[in-house]
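Everything quoted here is computed from the prediction, not taken from an experiment.
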Amino acid sequence: MSPTLILSLIAGYFVVLIIIAYLTSRKATSESFFIANRNAPWYMVAFAMIGTSLSGVTFISIPGMVATQSWSYMAVVLGYIVGYLVIGTVLMPLYYRMQLVSIYTYLEQRFGFWSYKTGALFFLISRAVGAAFRLFLVAGVLQFAVFDGLGVPFAVTVTVSIFLIYLYTFKGGLKTILWTDTFQTLAMLVCVAVSIYLMADELNLGFAGLVKTVKESAMSQIYFSDPKDDKFFWKQFASGAFITIVMTGLDQDMMQKNLSCRSLPDAQKNMFWFTLAIVLVNVFFLSLGVLLYQFAAAKGIALPTDPATGKLIGDNVFPLLATNHFSLFAGVVFILGIIAVTYASADSALTALTTSFCVDMLDIKQYDEAKQKQLRQATHFGFSIVLIIIILIFRAINDQSVITSVFKAAGYTYGPLLGLFSFGIFTSRGLHDKLVLPVCVVAPLLTWFINANSKAWWGYEFGFEILMLNGLITFLGLLAISRPRNLELNPVA
């Protein structure tokens, strides 16, 4: 594929997004920016959330990791079901009863000012890191496929990418994003389906042959044997449940869409259908991974490896095959798909960061609408700059699979949120509010220390379940600084 063709595709794609943004952001207010006027149809929210939750990490890393991790990630996906059940039956009723715009307002009413600010701060760190990782991935693919050949520096690629996101989100916010993410989710799903179909056709596989090939491949194995293995099924399953609870249920980005539904029953319907869809979509991505390696083996294609270690670079397998060894049509579909899935995640994250900072840190509701607009747009621009800086840092230090990096980072930064919300929901005690931030800082540090030494101490290697350890340490720390609850000061259950 020529760089000119790819640049034309990117330009045309963003023209469509900007047209959607123009049509949906007219007469935009803070309420439409933050929660889409609480009037979004549940089925639209469910569909738009698919693209938001998957991101370029799923699109690139999950197919790429099957060569070394097989289908171990499927255990995490099955754990999602439990996590979404908890969100729909425990967290959503709480959020709707309190009519929240930012979910971290719950912590203020339950514990106090410092608990509230601590929760919001850890979200801002968590989502900024997560969004930057996802954007880092797609910027790297575009750099590899297009801009290296043109001599364009990586910093320019990143800056232009984020500027384009800012351009179509700064005015309409969530109201616009529900429409753009619906379009982008559709583009992503079409890409996966077309890629699977074209590879199956190239390998002379019908539907039955496709299913048989994936099922019988050694790369579709799920690990049940060794509990100490970080790929062990039940460890992955439990991790998936807790990852879902914190990265969806305790995350302003994902819950902001749910809170835009017209009622709690609508939001719960959205969560039910979204759960079914997300499991099926991940099955397609894992199947795609098996086919990618089967295709490369059948065609005798050398896969990308690290020159220093000789290890396979799984994140580069799909981009390499799509842009150099697939048909032109398939390559076009791939470029559109990765842009769609990554920007569906990134635009939502940028809006959620803006929402949380404006509501939780600036208390934006105290100002008139004109001042709110000014603060909102300045914050939106500021977080765009923050994301650029973080991505450039990752470019300098990243040396492992992006999906592992994302969830490892989440295990440390989302753990305090898991501990805080769990303590608020499952205990009746109050907290010495000013001590909450120190506890939530110490807990990830202790988690890191235990993780760094667990293999030497016990022969146990932590995987994604590091999140549960972090949440537990936070919970115990909060219990140590707790006190009998003053119901008059903290009336929220």
> Is any side-chain heavy atom of Val442 less than 4.5 Å from a side-chain heavy atom of Leu446?
Replying inline: yes
> If we only count heavy atoms from C-beta on, is the Met49 to Asn258 side-chain gap below 4.5 Å?
Replying inline: yes
>> What I'd like to find out is whether the side chain of Tyr104 reaches to under 4.5 Å of the side chain of Leu417, using heavy atoms alone.
In response: yes
> What heavy-atom pair brings Gly471 and Leu418 nearest, and what distance separates the two atoms?
Replying inline: CA-CD2, 4.0 Å
> When rounded to the nearest 0.5 angstrom, what is the spacing between CG in Leu435 and CH2 in Trp114?
Replying inline: 11.5 Å
> Is Lys269 salt-bridged to Asp266, cutoff N-O under 4.0 Å?
Replying inline: yes
> Quick one: OH on Tyr197 to CG on Leu291, what's the gap to the nearest 0.5 Å?
Replying inline: 13.5 Å
>> I'd like to know whether His380 forms a side-chain contact (heavy atoms from CB on, under 4.5 Å) with Leu353, so could you lay out the CA-CA distance, the side-chain angles of the two residues, the decisive distance to 0.1 Å, and finally the verdict.
In response: CA-CA 8 Å; His380 207 61; Leu353 288 166; over 6 Å; no
> Is any side-chain heavy atom of Thr474 closer than 4.5 Å to a side-chain heavy atom of Phe423?
Replying inline: no
> What residue among Leu250, Leu100, Ile87 forms side chain to side chain contact (heavy atoms under 4.5 Å, CB included) with Met255?
Replying inline: Ile87
> Can you name the closest pair of heavy atoms from Gly424 and Arg110 and give their distance?
Replying inline: O-NE, 2.9 Å
> Could you go step by step and tell me if Phe183 and Tyr13 meet the ring pair (Phe, Tyr, Trp, His ring centres under 6.0 Å) rule?
Replying inline: CA-CA 11 Å; Phe183 167 71; Tyr13 186 86; 5.5 Å; yes
>> Does any part of the side chain of Lys365, heavy atoms only, come nearer than 4.5 Å to the side chain of Cys358, both counted from C-beta?
In response: no
> What distance do Ile177 atom CD1 and Ser260 atom OG have between them, rounded to the nearest 0.5 Å?
Replying inline: 11.0 Å
>> Given Tyr106, which partner from the list Phe111, Tyr96, Phe421 fulfils the ring pair (Phe, Tyr, Trp, His ring centres under 6.0 Å) test?
In response: Phe421
>> With side-chain contact (heavy atoms from CB on, under 4.5 Å) as the criterion, how do Lys117 and Leu437 come out once you've worked through the C-alpha distance, each side chain's angles and the decisive distance to 0.1 Å?
In response: CA-CA 9 Å; Lys117 299 300 181 183; Leu437 179 58; over 6 Å; no
> Are Asp347 and Gln184 close enough that a side-chain donor and a side-chain acceptor fall under 3.5 Å?
Replying inline: yes
> With Val16, which of Ile20, Ile19, Ile18 fulfils side chain to side chain contact (heavy atoms under 4.5 Å, CB included)?
Replying inline: Ile20
>> Does Thr355 form a side-chain hydrogen bond (donor to acceptor under 3.5 Å, both in side chains) with Gln252? I'd like the steps, not just the answer.
In response: CA-CA 8 Å; Thr355 299; Gln252 178 65 25; 5.3 Å; no
>> For Val192, run the side chain to side chain contact (heavy atoms under 4.5 Å, CB included) check against Ile196, Val190, Leu189 and tell me which one passes.
In response: Ile196
>> Just so I know, are the side chains of Met98 and Gln109 near enough to count as touching, which here means a heavy-atom distance under 4.5 Å?
In response: yes
> Can you tell me how far CD1 of Ile62 sits from OG of Ser287, rounded to the nearest 0.5 angstrom?
Replying inline: 11.5 Å
> If you look at every heavy atom in Thr185 and Ala48, which pair is closest and at what distance?
Replying inline: OG1-O, 3.6 Å
> To the nearest 0.5 Å, what is the distance between CE (Met247) and CZ (Arg127)?
Replying inline: 5.5 Å
>> Please find the pair of heavy atoms, one from Ser115 and one from Leu420, that lie closest to each other, and give the distance.
In response: O-CD1, 4.3 Å
>> Are more than 12 heavy atoms, taken from residues, nucleotides or ligands other than Phe318, located less than 6.0 Å from that residue's CZ atom?
In response: yes
> Is there a donor-acceptor contact under 3.5 Å linking the side chains of Thr24 and Thr176?
Replying inline: yes
> Where do Phe475 and Gly419 come nearest, in terms of heavy atoms and distance?
Replying inline: CD1-O, 4.1 Å
>> I'd like to know if the side chain of Ser356 reaches the main chain of Ala352, judged simply by a donor and an acceptor atom lying under 3.5 Å from each other, with no hydrogens or angles considered.
In response: no
> So which heavy atom on Pro444 is nearest to which on Pro416, and how close?
Replying inline: CG-CG, 3.8 Å
>> Walk me through whether Leu478 and Thr427 qualify under side-chain contact (heavy atoms from CB on, under 4.5 Å).
In response: CA-CA 11 Å; Leu478 296 175; Thr427 78; over 6 Å; no
>> By the definition side-chain hydrogen bond (donor to acceptor under 3.5 Å, both in side chains), identify the one residue from Thr169, Asp253, Thr180, Asp181 that meets it with Ser348.
In response: Asp253
>> With side-chain contact (heavy atoms from CB on, under 4.5 Å) as the criterion, how do Phe274 and Val45 come out once you've worked through the C-alpha distance, each side chain's angles and the decisive distance to 0.1 Å?
In response: CA-CA 9 Å; Phe274 167 71; Val45 175; over 6 Å; no
> Is it true that the side chains of Asn470 and Tyr412 contain a donor and an acceptor less than 3.5 Å apart?
Replying inline: no
>> If you define the side chain from C-beta out and look only at heavy atoms, does anything of Tyr80 sit under 4.5 Å from Thr275?
In response: no
> Take atom OH in Tyr43; do more than 12 heavy atoms of anything else shown fall under 6.0 Å from it?
Replying inline: no
> Do Tyr414 and Asp251 have side-chain heavy atoms sitting under 4.5 Å apart?
Replying inline: yes
> At what distance, to the nearest 0.5 angstrom, does CE of Met361 lie from OG of Ser102?
Replying inline: 9.0 Å
